[in-house]
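Structure first, commentary second.
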Amino acid sequence: MKILVIQQKMIGDVLISSIICNNLRMAYPEAQIDYLVYESTTPVLEGNPSIDNIILFQEKHRKSKKEFFNLALQIRANEYDLLIDAYSKLESWLIVLLSGAKRKISYQKKGRTFLYTDNVPFAAFPKTNLGLAIERRLSLLEPLDLPIEIDPLPKLFVTEKENQEALDFFEQHKVKKDRKTVLISLLGSEKLKTYPLEYMAKVVDTIADNQDVNILFNYFPKQIEDAKIIFNACKTSTKEKIYFDLLAKDLRGFIAIMNQCDLIIGNDGGAINMAKALEKPSFIIFSPWIEKKIWATFEDGIQHMSVHLNDFKPQLFHSKTEKELKKQALSLYQEFTPDLFEDKIEHFLNQNLNNTEKPNITVHQNKVPISALIITYNEEQNIKSVIKDLDFAEEIVVIDSFSTDQTTAIASSHKNVKVVQHAFENYAAQRNFAISLAKNNWILFLDADERISTELRDEIIETVAQKEGPSAYFFDRTFMFKNKKLHFSGWQTDKIFRLFQKDKAHYATQKIVHEKLIVKGTIGKLKNKLIHFSYKDYCSYKQKMILYGKLKAEEELNKGTQPNFFHFYIRPLYQFLYQYLVRLGILDGKKGIIICYLNALSVFVRFQELKKIKSNLRFPEF
């Protein structure tokens, strides 16, 4: 098998995307794995045994159409079986188009899905503390269903010679061997990504005051004037701990120096990512316009920590776009004073310099303050999947009405799921009881036969994170007939409340089935659809429609309805014709006939059951 991975970006991106190659190597040890990258980024790939060939995208390929076309032809001549495009921009699209690869995987983006055999949703929110930068890359491996345990950690490889040269360099600069060494990511790649110089000096002072350590500055030679400004602004006692001129000659030299350090603190960028790949603890100070959720990788509050102005002053970010934040980055930086996170730096230093035991990197799920509620009865075939879809919720509660199958056993096997047994009276009562159990204000109801797409999941998380907005949200639903979408038959406009605030909504007790939510405040609707696997087979759907009919009979009884010929015959016939002709069930073929008939049957059962109830009331059995 021949595989090509594409990542035409900067050092941090190329290093992180190398995890694709690393995992492919574990899954396909005999495969040829090539990596297409910018020429300037290759030092972070040296010595990586997962990569057979590095294909260089050079400046000439960008400037000359002829050179670019020659590169594309070179790639086509390699006859790759699999191509993974982690860059997904115009340059890579053209290469993919001409590649001739049998299978092509990239992110799902409008207007170019035809280029790829597999289009993976581009996640908007991280599911775990790996961070979006890692999770998005790993998502490109999901279509392959690799038979391995995925390793999410990027890796750098330093030779013995490089390590020794770094140690010799430390010796030349008389670095104290009895002290631990802290590397400062002093300056960002641009001014908008650089913590204000006078503030950075105070951060360095905090480190020096808190710990007796060696302090190294990381900066490019062209940045030396800014580095001097920070150095000169430091206290005299701090300057005595700084080795200002201990600077690597090239990127491989820097990697070797970083390998001799104990941790890194400073601006987000390539240096931080390289330190993490060397398994060094990191403390990141993010620019106000950079999204922390993307690059705060492996965050655990111990070995890896980060701070963002939004953590302390969220009001400054309300309703602002990334473009607006970028324009205001310098002024926002002024609000990001070192005193806001001084205690966090001290905690980080104490955890990672004074503790002799090295903590392992742990991966944990990010939880959203939502109570996810599921009402069940004999749902052993569905319960595992619906719980998996809700793994982002802080609380999951299953309210079961004494199932006779394995529903409760399966649900109880999940540590994050609480199972409560409660006798079923009707849907409205059961849902109101479920709400009473929720500890969070945001409620997300899901039936066991409903599923959440990645896009809907991200939209739910984003909605809950908003400080202001509607009290409740409708979801449009896609009705699935077995495993195929039903396009019409009355289900094309199906929508239902599924997300709302507990203190602003409750279910009306008059509506026993197809319950009605009473909402205080405004109502919204989410863009992405909920998937409804309602029709599994004829018998189970028929039983569901009969149950609905019987419950509806109680509603009719409460309304004082007197069943007659019209209800028994005209209403069911009207229901069928309305769904089949007016609501276009005829266009769903055989599926449409089945669905329209069973819905009409539910109407017939409703009034038959009503007649039976009234008869029992008139002539009770003794």
- Message: Could you work out, with side chain to side chain donor-acceptor pair (under 3.5 Å) as the rule, every residue matching N416, not counting sequence neighbours?
- Response: none
Those residues that, when tested against [X], pass ring pair (Phe, Tyr, Trp, His ring centres under 6.0 Å) (two or more places apart):
X    : value
Y243 : none
H173 : F169
F68  : none
F286 : none

Run the side chain to side chain contact (heavy atoms under 4.5 Å, CB included) test against [X] and tell me which residues pass, sequence neighbours left out.
X    : value
M26  : N23, I148, D151
K202 : P338
T463 : E459, Y473, L499, L526

- Evaluate the ring planes of F217 and F244, with Trp represented by its six-membered ring, and classify them as parallel (under 30°), tilted (30 to 60°) or perpendicular (over 60°). perpendicular
- Query: Does anything in residues 156-168 pair up under salt bridge (Lys or Arg N to Asp or Glu O under 4.0 Å), and if so which pairs, sequence neighbours excluded?
  - Reply: E162-R252
- Message: Show every salt bridge (Lys or Arg N to Asp or Glu O under 4.0 Å) that has at least one partner inside residues 318-343, sequence neighbours left out.
- Response: K313-E335
- Item | Set of salt bridge (charged side-chain N to carboxylate O under 4.0 Å, His left out) partners for D503, sequence neighbours left out | none
- Task: Can you sort out the partners of E135 under salt bridge (charged side-chain N to carboxylate O under 4.0 Å, His left out), two or more places apart, ordered by chain and number?
- Result: none
- Query: Does the pair D52/R25 count as a salt bridge with the N-to-O cut at 4.0 Å?
  - Reply: yes
